[in-house]
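One structure below.
Atoms within each ligand, like the ligands themselves, are counted from 1 in listed order.
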Amino acid sequence: MDKKINVSFEFFPPKNQDSIQSLWTNIKRLEPLKPKFISVTYGAGGSTRANTHNLVKEIKQKTKLEPAAHLTCIDSTKEEIEKIAEEYWDSGIKHIVALRGDKPKKSNNKKKKDFLYATDLIKVLKKKHNFKITVSAYPELHPDSSSIEQEYDVLKKKIDLGASKAITQFFFDVNYYFDFIDGALKRNIKIPIVPGILPVTNCKRTIEFAKKMNCKMPKSLVKMFKGLDSDNETRKLVAATIVSDQCKKLLNGGVHDFHFYTLNRADLSFAICHILGVRSLK
Ligand code: FAD
């Protein structure tokens, strides 16, 4: 029998009323695929933090989905994080994607030095309650890391502190992912390391983002989007082909868990799930 394929979807909290409406349409579209969880990102600059808390709680109240709240710790105090953790636990939110967050160019508050890394956050969360902790992983290295060995050491630390799952930064060349998994297995890292899949439709913006994130974009992929800047429909078709190809390679390599960075759009993730054999269940 074919092994079950698990999917999860990531959304970001919208800034205005119109986008909230559209976000819910997209969440509802993906709900019948029975994802393992739906995660909601946490604004690094602080502007959307309350929106994250509200959306996570709403998902819990209005749907049967398991919400996972992203939480970043950089530039926060221990008291702030403990308060958020307490509120989540009391609202039945028990799954946290624990992250450091990007270092702010200028710290808002010089006293907020309680957290240097995601590991510090995991310690505080686990001390408060037995949260399910998911963490980041970087097959192509985090821009602050000096070696792949550092990536594995940090991942091991996170696991020792209680992380039970990792989601990777997005990547396009599946070999980086497979090499990372091989290395993890050699180092006796046994938690699931789920590939983060980014369905690209806006190539220009993705190139900039990928550069910042240390993610290599194959020239062949960039070429496929050439001349399509003002042709949204064709870009979507091209994107579907690219992601479907990437996911099939992962599937053939034994991957059965996929995390989609939906960018709040259900269409591509929904289509890819169907291609992978994940069907809607009413
Ligand atoms: P860490 O794991 O803490 O690592 C950061 C750097 O410090 C790395 O170089 C690491 O090797 C090093 N390091 C870590 N721990 C130690 C240690 N104990 N000792 C020495 N060195 C150490 N950003 C947001 O703002 N909001 C989000 O919602 C969000 N969601 C994300 C979801 C996923 C799946 C991923 C992959 C990233 C997400 N990010 C998000 C981006 C993330 O916040 C940035 O990449 C950030 O720069 C690093 O956060 P981290 O938790 O990966 O950091």
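With sequence neighbours excluded, the residues forming a salt bridge (Lys or Arg N to Asp or Glu O under 4.0 Å) with Glu140 are Lys216, listed by chain and number. Under the ring pair (Phe, Tyr, Trp, His ring centres under 6.0 Å) criterion, Phe180 pairs with Tyr152, not counting sequence neighbours.
The proximity of Val154 to ligand 1, defined as any non-hydrogen pair under 4.0 Å, is limited to the side chain. Residue Arg100 touches ligand 1 through backbone and side chain together, judged by heavy-atom distances below 4.0 Å. Counting heavy atoms closer than 4.0 Å to ligand 1, residue Lys158 contributes side-chain atoms (C-beta onward) but none from N, CA, C or O. Contacts of Thr119 with ligand 1, taken as heavy-atom pairs under 4.0 Å, involve the side chain alone. At a heavy-atom distance under 4.0 Å, only side-chain atoms of Tyr261, from C-beta outward, approach ligand 1. If you look at Met213 next to ligand 1, there are no close heavy atoms at all, none under 4.0 Å.
Salt bridge absent: Arg187 and Glu151 never bring a charged side-chain N and a carboxylate O closer than 4.0 Å. Salt bridge annotation for Lys83-Glu79: absent, with no cationic side-chain nitrogen under 4.0 angstrom from a carboxylate oxygen. No salt bridge links Lys36 with Glu66; every basic N to acidic carboxylate O contact stays at or beyond 4.0 Å. Using a cutoff of 4.0 Å between basic side-chain nitrogens and carboxylate oxygens, Asp153 and Lys157 are not scored as salt-bridged.
Between Gly101 and ligand 1, at least one pair of N/O atoms sits closer than 3.5 Å. By the 3.5 Å distance cut-off applied to N or O atoms, Glu10 is not counted among the residues near ligand 1. Backbone and side-chain nitrogen or oxygen atoms of Gln169 are examined, and none is located within less than 3.5 angstrom of a nitrogen or oxygen of ligand 1. For Leu99, no nitrogen or oxygen atom sits less than 3.5 Å from a nitrogen or oxygen atom of ligand 1, counting backbone and side chain alike. On a distance-only criterion, Ser145 and ligand 1 share at least one N/O pair closer than 3.5 Å. Checking only distances, Thr72 never comes within under 3.5 Å of ligand 1, N or O to N or O. The shortest N/O to N/O separation between Tyr138 and ligand 1 falls below 3.5 Å. Residue Thr41 has no N or O atom closer than 3.5 Å to an N or O atom of ligand 1.
Checked against a 6.0 Å centroid threshold, the rings of Phe171 and Tyr176 do not count as neighbours. Here the two rings, on Phe209 and Phe170, have centers that are under 6.0 Å apart.
A donor-acceptor pair under 3.5 Å links the side-chain atoms of Asn264 to the main chain of Phe12, judged by distance alone.
The distance from ligand 1 to the heavy atoms of Gln150 drops below 4.0 Å at these ligand atoms: 9 (O), 10 (C), 11 (O), 12 (C). Listed by atom number, the atoms of ligand 1 under 4.0 Å from Ala118 heavy atoms are 2 (O), 3 (O), 51 (O). Each of the atoms 9 (O) of ligand 1 lies under 4.0 Å from some heavy atom of Asp144.
From Ile197, atom CD1 reaches atom OG1 of Thr262 across 13.0 Å, with rounding to the nearest 0.5 Å. To the nearest 0.5 Å, atom CD1 of residue Ile74 and atom CG of residue Asp102 are 9.0 Å apart.
With Asp229 as reference, Lys204 is the one residue of Lys204, Arg205, Arg235 to meet the salt bridge (charged side-chain N to carboxylate O under 4.0 Å, His left out) rule.
Nearest-residue assignment for atom 19 (N) of ligand 1 (options Tyr152, Phe170, Tyr117; heavy-atom criterion): Tyr117. Closest to atom 36 (C) of ligand 1 by heavy atom, among Cys73, Ser39, Ser136, is Ser136.
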